[in-house]
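Here is the structure we will look at, set down as structure tokens.
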Amino acid sequence: MLRDQINFSYLSRISPKKLEKILFTGRFTQLHEFDQCTQTWHLSGSQGPFFIIKSDQIYLILLNQNSTYDFIRVLKKGMKHSFQISGQWCYFQFQDEGEKSYNIWFSDKEEFRTFQGVVQDILDSKQ
């Protein structure tokens, strides 16, 4: 419970608008970017705990442990995305509004399934 309050307090400070609710909390991930020139995936340098929050929009936020740059992107209906399970790893792949491709990996399949349910509800919503 205390961790939830600390997360809410911190995310309220970095949220683009007034934070209403934390919809999902993930323990740890690394963010990968797709390089159009080389057609390969590479680590973006962002890793840490991640969240889906509701404020004026729905945001995916990765609190970067490597720098002060936190990864923040809007999740909305119609965005290109996929969920993949490959061996022991699970991935959420998506394109942001600038059509840049990213993926977030999960080592915990249960956490991935919970995340998948939350994201699918958001992306399939009538909003």
Side-chain angles (χ1 to χ4, degrees):
M1 187 67 162
L2 179 60
R3 178 174 286 170
D4 292 339
Q5 291 171 336
I6 292 169
N7 287 339
F8 192 89
S9 176
Y10 183 77
L11 290 167
S12 292
R13 288 194 297 273
I14 67 167
S15 176
K17 299 287 183 175
K18 185 178 185 304
L19 176 61
E20 293 177 29
K21 184 177 184 180
I22 297 173
L23 303 173
F24 177 83
T25 302
R27 290 185 296 256
F28 180 85
T29 194
Q30 288 183 323
L31 183 71
H32 296 82
E33 294 177 295
F34 187 72
D35 185 324
Q36 293 289 345
C37 294
T38 63
Q39 296 292 297
T40 58
W41 289 98
H42 63 89
L43 289 173
S44 70
S46 295
Q47 66 180 27
F50 60 108
F51 304 86
I52 297 175
I53 65 163
K54 180 176 176 29
S55 63
D56 65 320
Q57 299 184 73
I58 307 295
Y59 294 93
L60 171 69
I61 298 177
L62 189 154
L63 300 180
N64 193 0
Q65 295 176 339
N66 294 333
S67 76
T68 57
Y69 169 76
D70 294 318
F71 181 83
I72 302 174
R73 293 296 185 275
V74 174
L75 295 180
K76 62 182 180 179
K77 185 176 178 174
M79 71 183 291
K80 293 179 184 177
H81 71 284
S82 65
F83 299 95
Q84 301 171 14
I85 297 177
S86 175
Q88 71 184 53
W89 304 107
C90 308
Y91 300 89
F92 171 58
Q93 186 172 321
F94 65 99
Q95 282 187 337
D96 66 8
E97 292 175 327
E99 299 204 6
K100 192 164 186 178
S101 295
Y102 299 96
N103 77 29
I104 295 175
W105 68 268
F106 296 77
S107 59
D108 183 327
K109 285 185 181 176
E110 186 176 320
E111 183 177 69
F112 175 74
R113 288 188 184 102
T114 302
F115 175 86
Q116 183 177 11
V118 171
V119 171
Q120 235 18 94
D121 286 348
I122 293 163
L123 300 180
D124 292 344
S125 73
K126 304 280 189 246
Q127 298 177 3

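We count residues from 1, following the sequence as given. Computed over heavy atoms, backbone and side chain alike; hydrogens, waters and symmetry mates excluded.
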>> On a heavy-atom basis, which atom in Gln65 and which in Pro49 lie closest, and how many Å separate them?
In response: NE2-CD, 3.8 Å
>> Show, in sequence, the C-alpha distance, side-chain angles and deciding distance for Cys90 and Trp105, and conclude whether the side chain to side chain contact (heavy atoms under 4.5 Å, CB included) test is met.
In response: CA-CA 6 Å; Cys90 308; Trp105 68 268; over 6 Å; no
>> Apply side chain to side chain contact (heavy atoms under 4.5 Å, CB included) to residues Tyr102 and Arg73 and explain how you reach the verdict.
In response: CA-CA 11 Å; Tyr102 299 96; Arg73 293 296 185 275; 3.0 Å; yes
> Under a 4.5 Å cut-off applied to non-hydrogen side-chain atoms, are His42 and Glu33 in contact?
Replying inline: yes
> Can you tell me how far the CG atom of Asp96 sits from the NZ atom of Lys80, to the nearest 0.5 Å?
Replying inline: 11.5 Å
> Do Phe50 and Phe24 have ring centroids that are under 6.0 Å from one another?
Replying inline: yes
>> For Ile53 and Leu23: C-alpha separation, side-chain torsions, deciding distance, then whether side chain to side chain contact (heavy atoms under 4.5 Å, CB included) applies.
In response: CA-CA 5 Å; Ile53 65 163; Leu23 303 173; over 6 Å; no
> Is it true that Phe115 and Phe106 have ring centroids separated by less than 6.0 Å?
Replying inline: yes
> When rounded to the nearest 0.5 angstrom, what is the spacing between OG1 in Thr114 and NZ in Lys109?
Replying inline: 14.0 Å
> Taking 4.0 angstrom as the limit, do Lys76 and Glu97 come out as a salt bridge?
Replying inline: yes
> Can you find a pair of side-chain heavy atoms, one from Gln47 and one from Asn66, that are under 4.5 Å apart?
Replying inline: yes
> Is the Phe92 ring parallel, tilted or perpendicular to the His81 ring (thresholds 30°, 60°)?
Replying inline: tilted
>> Please check if the number of heavy atoms outside Glu110 that lie under 6.0 Å from its CD is greater than 12.
In response: no
>> As an exercise, state the distance from CZ of Phe71 to CG of Asn64, rounded to the nearest 0.5 Å.
In response: 10.5 Å
>> Using the rule given for ring pair (Phe, Tyr, Trp, His ring centres under 6.0 Å), can you reason through Trp41 versus Phe34, listing the C-alpha separation, both sets of side-chain angles and the distance that settles it, and then say yes or no?
In response: CA-CA 4 Å; Trp41 289 98; Phe34 187 72; 5.1 Å; yes
> When rounded to the nearest 0.5 angstrom, what is the spacing between CD in Gln93 and OG in Ser101?
Replying inline: 6.0 Å
> Side chains of Gln84 and Ser82: is there a donor and an acceptor less than 3.5 Å apart?
Replying inline: yes
> Taking the side chain as C-beta and beyond, is there a heavy-atom pair between Leu60 and Phe94 under 4.5 Å?
Replying inline: yes
> Side-chain contact, heavy-atom cut-off 4.5 Å: Leu75 with Tyr59?
Replying inline: no
>> Just verifying a value: how many Å separate Leu63 CG and Phe51 CZ, rounded to the nearest 0.5 Å?
In response: 5.0 Å
> Applying the 4.5 Å side-chain criterion to the ILVMFWY set and letting contacts propagate, would Ile104 and Tyr69 be lumped into a single cluster?
Replying inline: yes
> Do Ser12 side-chain atoms and Phe8 backbone N/O form a donor-acceptor pair below 3.5 Å?
Replying inline: yes
>> So for atom NZ, which belongs to Lys100, do other residues, nucleotides or ligands contribute more than 12 heavy atoms lying within a distance under 6.0 Å?
In response: no
>> So that I can tick it off, tell me whether Arg27 and Asp108 are bridged by a salt bridge, with the cut-off set at under 4.0 angstrom between side-chain N and carboxylate O.
In response: yes
>> Quick check for you: to the nearest 0.5 Å, what is the distance between Gln116 atom CD and Leu123 atom CG?
In response: 11.0 Å
>> Please determine whether residues Leu31 and Leu43 belong to a single hydrophobic cluster, defined as Ile, Leu, Val, Met, Phe, Trp and Tyr linked transitively by side-chain heavy-atom distances below 4.5 Å.
In response: no
>> Taking the side chain as everything from C-beta on, heavy atoms only, tell me whether Ile22 gets closer than 4.5 Å to Ile52.
In response: no
> Nearest heavy-atom pair of Gln36 and Gln39: which atoms, and what distance?
Replying inline: O-NE2, 2.6 Å
